[in-house]
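All remarks here apply to the structure that follows.
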Amino acid sequence: MEPLYTPQGVEERWQRAWEAEGLFHADASSGRPSYVIAVPPPNVTGVLHMGHALNASIQDVLVRWHRMRGFNALWQPGYDHAGIATQAVVEKKLRAEGTSRLEIGREAFLDQVWAWLREYGGVIMGQFRSLGCSLDYARERFTMDDAYVRAVMRFFVHLYERGWIYRDNRIINWCTDCRTSISDLEVEYRDVDDALTYARYPLADGPGSVTIATVRPATILADVAVAVHPDDERYASVIGKEVVVPVVGRRVPVIADERVERDFGTGALKITPGHDPVDFEIGRDHGLAELTVIDLDGHMIGDIPAELLGLTEDEAAVAVVEWLREHDQLEKRESYRHAVGHCERSGTRIQPLVSLQWWCAMDELARPAIDVLETGRVTFHPSVHGRVALDWLKAIRPWNISRQLWWGHQLPIWYCPDGHVTCVETPPDACAECGSREIERDPDVLDTWFSSALWPFATLGWPDDTPELRAFYPGDVNVTGRGIIFLWENRMIMAGVELMGDIPFRDVVINSNVLDPIGRPMSKSLGNGVDPLDLIAAHGADATRYGLLKMSSTQDIKFTEGPIEEGRKLANKLWNASRLLLMSGGGEVAARPSSVEERWILARIDAARAGVETDLAAYDFAHAVDRLYHLTFDDFCDWYLESIKPRLGDADVKATAFAALERLLALLHPVLPHVTEEIWSNLPARETRLVVAPWPEPAPEYADDLAALDRAQTAARIYRRSGVRIKVAGDSLRIFEAVVRPSADGQGDVDAERARVGKEIERSERMLANEKFVANASPDVVEAERLKLAEHRSELDALGE
RNA sequence: GGGCGGUUAGCUCAGUUGGGAGAGCACCAGCUCGACAAGCUGGGGGUCACUGGUUCGAGCCCAGUACCGCCCACCA
């Protein structure tokens with residue numbers, strides 16, 4: 001054993017051994033109680049980033065801990081096909097090759113995607129291995145596996161048959177860059193500086209006009225009404241009359257609707273159901289037409305002046321404003337900053353369009369999920385996220401589930417020439433209604449999150465009744481970032497309760513976002529990302545795990561390398577403490593404490609065990625690892641090992657030391673799996689692996705009188721600070737001399753020490769002399785103060801009068 | 001517009017029901033003794049964002065202010 005612990009090599013060796021020996025494998029027929037976590041499936045095209053590393057470290061600690069506690073622990077691995085992201089990657093490659101998906105066609109394109117994935121996809125599982133993750137790698141699943149596709153089809157048909165999935169022309173979020181609709185959750189709002197254009201719409205009959213304000217003048221061409229608030233006296237006289245839409249000259253009604261804000265702009269709102277979500281709602285309620293003047297590419301179309309056809313929206317806006325100016329209908333333009341929806345993936349400004357899409361009504365699915373959260377059957381940690389999840393469920397809206405993409409789960413919907421719809425799991429021969437064989441499948445695919453909702457049970461074989469499903473559902477915990485609570489957590493709960501009749505997990509742990517050292521999100525474009533693989537190469541996987549857990553919090557975390565270096569130091573310290581014991585030869589491993597410091601360390605380890613259990617049960621990883629750090633450094637190394645050094649030749653003392661080390665290694669293993677396994681393998685008479693060794697049982701028998709060590713510690717503190725030796729005897733003296741190794745000479749500064757203790761006594765006396773304190777403070781607080789005073793007085797006594 | 005979180009040492013952060021301000025890193029000094037390319041020990045360093053309030057006592061509770069951040073949202 002070298003003095004410096006070098007994780008490189010050691011870690012890979014154990015990663016290979018654990019997996020080769022099948023120690024991560026959960027057997028569906030074991031009969032033991034299960035503990036199940038399904039990994040948030042990373043994008044099949046993705047590579048490990050700090051968020052994954054933190055997320056995985058948390059899950060691995062939980063899984064390893066439960067495995068040691070005797071649970072049949074399954075950490076389910078796998079990948080998500082990530083529809084838009086993956087399709088975009090392959091399309092980019094095609095462009096570079098001078099072709100496009102439209103040119104090569106759907107079938108060839110999908111072949112290309114699969115080929116691309118075979119070559120470049122699916123690298124994260126290897127990176128998880130490098131972090132020491134104990135996933136059951138043999139059970140890897142992919143959302144595009146045949147079996148998983150079958151599950152998705154079953155889910156769709158199930159919802160269709162319940163009448164919750166329907167097709168409708170509604171306003172959607174169209175991304176002109178991704179060329180697909182996206183769900184409301186994939187729209188992010190950004191502040192944009194726009195111009196607010198005030199345009200006069202003349203009354204159709206007689207003099208007068210109504211002025212509206214708009215940020216999108218081009219959509220004037222699709223106006224079908226002007227709306228005002230029913231109680232707005234300024235406009236009372238024009239309600240029911242008609243105005244003339246500029247440029248196109250269409251006569252449209254002035255309607256009254258309470259959704260119009262009197263205080264904004266002029267208080268009159270142009271209504272464009274074809275290109276605005278609010279207007280769409282108002283239009284539906286008033287039975288208005290839904291005109292479209294902007295196509296899927298963002299170009300002007302429809303029943304508009306010929307010179308505008310084919311222009312971009314911005315070009316058309318310029319032309320419309322110019323027309324208004326020429327006709328003296330432009331009242332003013334002013335700058336205006338407001339929030340505008342953008343595609344989360346491409347950053348493109350969302351184009352609201354009316355489009356024929358597939359939708360899923362969510363009310364019936366949400367109802368039981370709301371109950372699950374309200375009754376606490378599923379609990380979020382920290383709990384604030386549960387309240388937010390609940391609020392979202394209570395205000396849930398229909399979900400646009402169809403995407404105009406090729407990569408994904410194609411809808412199990414077939415149309416016949418008569419317009420009948422057939423919805424079945426496997427491709428039919430004929431229309432279910434009229435028997436026509438000229439059926440065509442809907443070209444759209446499903447939102448990626450539609451399949452993700454099934455992850456906790458589709459990975460276990462659902463819809464088949466498999467041994468895995470019976471052994472491992474429901475699962476226990478799900479760990480993820482707060483960004484996908486609505487996209488994923490809520491939908492897994494809804495799908496689990498609907499299809500399985502039970503919740504997919506009891507606890508949802510929301511881990512921090514990892515930011516750069518000055519608090520910005522890590523991103524490729526900023527170039528401020530830290531690569532976890534670099535950290536692993538530099539400090540080891542154990543240190544990286546430790547550091548991430550130490551940083552973890554209920555807040556976002558600003559990444560610093562310090563905690564990872566702390567982890568490296570801990571691994572090195574443990575390594576060297578073990579060297580001290582191992583260098584003096586083998587022997588027995590048996591707890592036979594015969595002295596106070598031996599009972600003390602066993603009691604301290606047991607207290608730490610209890611503390612770590614409490615911390616981990618509360619998903620408080622930072623405190624758990626902090627506790628382990630101080631147990632190792634302060635208690636085990638600085639006090640215990642130092643105190644037994646003079647007696648290391650004693651076989652019982654060493655056997656006890658090995659027993660204590662063994663327990664310490666077990667406690668540390670979930671956090672530092674490699675170094676602990678390595679040391680464990682060097683302990684005398686090893687037959688098993690630490691990864692599957694039992695978690696230490698409570699050891700209350702050692703928590704006896706430990707006062708001798710307390711006295712030795714007090715004596716050491718005083719001696720180290722002032723050079724003064726206070727009177728101690730027996731065990732306390734022996735421990736004091738072993739740990740402190742005082743020099744024989746020197747009397748130290750007794751006066752200074754006495755003055756210091758004197759101040760403490762004065763403070764206690766003053767507090768206890770305060771009648772209000774004694775009268776109002778709780779009795780135990782007063783009693784504690786009296787004890788402190790007594791201790792200080794005896795300390796003063798030990799210093800000699 | 002609504003909601004949530006944060007502000008504590010030079011840095012990154014802990015501070016459980018109110019009862020002497022803590023850790024790691026960084027800095028300074030001493031030690032080196034049977035493991036520790038280091039380790040151990042000691043030390044300096046804080047107006048706990050600000051203002052009021054409650055209390056014998058407030059980093060913690062209450063009211064408000066400022067700044068930072070996040071989520072949600074149909075004022076065009």
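Per chain, numbering begins at 1; letters A, B, ... match sequence-line order. Atoms considered below: every heavy atom in the structure, side chains included; atoms not considered: hydrogens, waters and symmetry mates.
Distance check on atom C1': C61(B) versus U55(B) gives 10 Å, rounded to whole Å. Taking the P atom of each, C71(B) and G15(B) are spaced 24 Å apart, rounded to whole Å. Spacing between C4(B) and A9(B) at atom P, rounded to whole Å, works out to 27 Å. For C48(B) and U8(B), the C1' atoms lie 4 Å apart once the distance is rounded to whole Å. Here the separation of G19(B) from C60(B), taken at their C1' atoms, is 12 Å to the nearest Å. For the C1' atom pair drawn from G44(B) and G53(B), the interatomic distance equals 36 Å after rounding to whole Å. Taking atom C1' on both nucleotides, C56(B) is separated from G18(B) by 12 Å, rounded to a whole Å. C62(B) and U16(B): their P atoms are spaced 14 Å apart (whole Å).
Taking atom CG on L574(A) and atom P on A38(B), their separation rounds to 17 Å, with Å as the unit. Between L641(A) atom CG and G34(B) atom C1' the separation is 12 Å, expressed in whole Å. Atoms NZ (K558(A)) and P (G24(B)) sit 21 Å apart, rounded to a whole Å. Rounded to an integer number of Å, the gap from I396(A) CD1 to A73(B) P is 12 Å. Distance NZ (K645(A)) to P (C36(B)): 9 Å, rounded to an integer number of Å. Atoms CG (D626(A)) and C1' (U12(B)) sit 13 Å apart, rounded to a whole Å. Remark: P of G1(B) and CG of D263(A) are 13 Å apart, rounded to the nearest angstrom. Atom pair K573(A):NZ and G24(B):P shows a separation of 13 Å (rounding to whole Å applied).
When each of V388(A), V509(A), I485(A) is tested with F380(A) by the rule side chain to side chain contact (heavy atoms under 4.5 Å, CB included), just one qualifies, namely I485(A).
Between the side chains of H385(A) and E489(A), no donor-acceptor pair is found at a separation under 3.5 Å. For the residue pair D615(A) and H623(A), no side-chain donor N or O sits within less than 3.5 Å of a side-chain acceptor on the partner. Between the side chains of D556(A) and S512(A), not a single donor N or O lies within less than 3.5 Å of an accepting N or O. In summary, the side chains of R333(A) and T197(A) do present a donor paired with an acceptor at a separation below 3.5 Å, with no hydrogens or angles considered.
For Y189(A) and A73(B), the shortest distance from a side-chain N or O to OP1 or OP2 is not below 4.0 Å. Within the structure, every side-chain polar atom (N or O) of S553(A) is placed at least 4.0 Å from both OP1 and OP2 of C13(B). The side chain of N776(A) places an N or O atom within less than 4.0 Å of a non-bridging phosphate oxygen (OP1 or OP2) of C56(B).
Residue H792(A) is in base contact, counting any heavy-atom pair closer than 4.0 Å across all strands shown. Residue-level contact check: I485(A) touches neither bases nor backbone, having no heavy atom under 4.0 Å from any strand. In this structure, D638(A) reaches the sugar-phosphate backbone alone: every heavy-atom distance under 4.0 Å involves primed, P, OP1 or OP2 atoms, never a base. Among the atoms of the strands shown, none is found under 4.0 Å from any heavy atom of Y5(A). Residue V384(A) is classed as a sugar-phosphate contact, given heavy-atom separations below 4.0 Å to backbone atoms only. R482(A) comes within contact range of the sugar-phosphate backbone alone, with a heavy-atom separation under 4.0 Å but no base atom that close. Residue R397(A) is in sugar-phosphate contact alone, with no base atom involved, counting any heavy-atom pair closer than 4.0 Å across all strands shown. As judged by a 4.0 angstrom heavy-atom cut-off over every strand, E771(A) is placed among residues making no nucleic acid contact. Among the protein residues, P646(A) comes within range of the nucleic acid bases, having at least one heavy atom under 4.0 Å from a base atom. Residue P277(A) is out of contact with every strand shown, counting any heavy-atom pair closer than 4.0 Å. Nucleic acid contact class of F486(A) (heavy atoms, under 4.0 Å, all strands): sugar-phosphate only. Here E642(A) lies in heavy-atom contact (under 4.0 Å) with a base. Using a 4.0 Å heavy-atom distance criterion, S764(A) is classed as making no nucleic acid contact.
Nearer the 5' end of RNA chain B, as judged by each residue's closest nucleotide, is the contact made by L185(A), out of R262(A) and L185(A). Residues F633(A) and K569(A) both approach RNA chain B. Their nearest nucleotides, taken by heavy-atom distance, put K569(A) toward the 5′ side.
Of the nucleotides present, C13(B) is the one that pairs with G22(B) by Watson-Crick or G-U wobble criteria, both distances under 3.5 Å. Base pairing of G5(B) is made with C68(B), judged by Watson-Crick or G-U wobble geometry with both donor-acceptor distances under 3.5 Å.
You'll find that the side chain of R568(A) is closest to A38(B), out of G15(B), A38(B), C36(B). Closest to the side chain of R721(A), out of G42(B), G20(B), A35(B), is G42(B). Checking U41(B), A35(B), G19(B) against the side-chain heavy atoms of L580(A) singles out A35(B) as nearest. Closest to the side chain of L4(A), from the set G24(B), C36(B), A37(B), is A37(B).
With hydrogens and angles disregarded, a donor-acceptor distance shorter than 3.5 Å links the side chain of N576(A) to the backbone of N572(A).
R763(A) contributes a side-chain N or O that forms a donor-acceptor pair with the base of G20(B) under 3.5 Å. Residue side chain Q555(A) does not reach the base of G69(B) through any donor-acceptor N/O pair under 3.5 Å, judged by distance alone. Judged by distance alone with a 3.5 Å cut-off, no donor-acceptor contact links the side chain of K772(A) to the base of G57(B).
The aromatic rings of Y719(A) and F736(A) lie perpendicular to each other, with more than 60° between the two planes, well past the 30° mark. Aromatic ring orientation, F633(A) versus Y629(A): parallel (interplanar angle below 30°, classes split at 30° and 60°).
Y235(A) has its side chain out of reach of V254(A): every pair of non-hydrogen atoms, C-beta onward, lies at least 4.5 Å apart.
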